Amino acid sequence: MEPTFEFDAPLWLHPGGSWVFLTVPEDESDVIRELAPHIGGFGSVRVRVEIDGHEWKTSVFPKKKAGPYDLPVKKEIRSKAGIDVGDTVAVTLTMLMG
């Protein structure tokens with residue numbers, strides 16, 4: 001069974017850019033780091049995410065070696081879910097173990 005986490009987090013705009021992220025809480029980030037079977041480029045971990053009934057596959061990226069992970073939330077999902085920077089959203093995040 002793939003590890004799944006549920007949490008609420010605010011959307012924020014990456015400084016100097018147009019990328020929108022949310023930050024995975026510290027406790028969940030610690031577990032992801034411990035369980036991650038395959039670390040990709042930049043320390044990324046593949047995940048499946050659901051926000052407001054909209055699901056997609058992406059990766060989470062660590063802020064630094066021991067810090068929390070950031071999750072990019074693409075414009076298509078934000079538009080479909082009617083969410084934007086500053087909104088706090090309910091997130092279901094599942095690690096993709098295979």
Side-chain angles (χ1 to χ4, degrees):
M1 183 173 206
E2 297 174 318
T4 299
F5 309 93
E6 294 183 355
F7 56 89
D8 294 340
L11 298 173
W12 53 273
L13 182 64
H14 188 271
S18 59
W19 288 89
V20 174
F21 291 89
L22 60 80
T23 299
V24 178
E26 292 269 352
D27 289 345
E28 287 83 349
S29 289
D30 289 344
V31 174
I32 291 169
R33 189 170 283 104
E34 289 174 20
L35 297 178
H38 306 287
I39 302 296
F42 305 104
S44 64
V45 176
R46 296 286 299 154
V47 295
R48 183 175 53 251
V49 182
E50 183 180 337
I51 295 176
D52 288 342
H54 302 281
E55 187 176 292
W56 76 103
K57 291 180 183 177
T58 188
S59 295
V60 291
F61 300 87
K63 286 183 187 251
K64 52 187 169 181
K65 207 168 197 174
Y69 283 88
D70 288 334
L71 168 75
V73 181
K74 48 189 182 175
K75 184 176 183 176
E76 175 187 357
I77 297 297
R78 296 192 318 270
S79 294
K80 287 180 179 179
I83 57 176
D84 206 350
V85 172
D87 292 341
T88 296
V89 297
V91 179
T92 301
L93 183 146
T94 302
M95 292 178 65
L96 298 176
M97 302 299 281

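Residue numbers start at 1 and run along the sequence shown. Just so you know, these numbers use all the heavy atoms, side chains as well, and skip hydrogens, waters and symmetry mates. Bear in mind that the values here come from a model prediction, so they are computed numbers and not experimental data.
P62 and G43 make their closest contact through CD-O, 3.3 Å (heavy atoms, listed as atom of the first residue, atom of the second, distance). Summarising the geometry of P68 relative to S29, their closest heavy-atom pair is CA-OG, 3.3 Å, with the distance given to 0.1 Å. What you find for P72 and W56 is that their closest heavy atoms are O-CZ2, 3.9 Å.
Interatomic distance, I51 CD1 to L71 CG, rounded to the nearest 0.5 Å: 6.0 Å. With rounding to the nearest 0.5 Å, the separation of OG1 in T94 from CZ in R46 is 12.5 Å. Rounding to the nearest 0.5 Å places CG of D70 at 12.5 Å from OG of S59. Atom CD of residue E50 and atom NE2 of residue H54 lie 9.0 Å apart, to the nearest 0.5 angstrom. Note: L93 CG to E28 CD = 9.0 Å, rounded to the nearest 0.5 Å.
Every salt bridge (charged side-chain N to carboxylate O under 4.0 Å, His left out) that E2 has, sequence neighbours left out, goes to R48. In terms of the side-chain hydrogen bond (donor to acceptor under 3.5 Å, both in side chains) criterion, residue partners of K80 (sequence neighbours excluded) are, by chain and number, E76.
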Review item, side-chain donor-acceptor pairs of residues 5-22, under 3.5 Å, at least two apart:
from	atom 1	to	atom 2	distance (Å)
W12	NE1	T23	OG1	3.0

**OP:** Under the side-chain contact (heavy atoms from CB on, under 4.5 Å) rule, what do I32 and V47 come out as? Steps first, then yes or no, please.
**Re:** CA-CA 10 Å; I32 291 169; V47 295; 5.5 Å; no
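Within a 6.0 Å sphere centred on NZ of K63, other residues, nucleotides and ligands contribute more than 12 heavy atoms.
With R33 contributing its side chain and Y69 its backbone, the two residues share no donor-acceptor pair below 3.5 Å. Put simply, the side chain of D30 never gets that close to the backbone of D27: no donor and acceptor are under 3.5 Å apart.
Looking at heavy atoms from C-beta onward, V73 lies out of side-chain contact with V89 at the 4.5 angstrom threshold.
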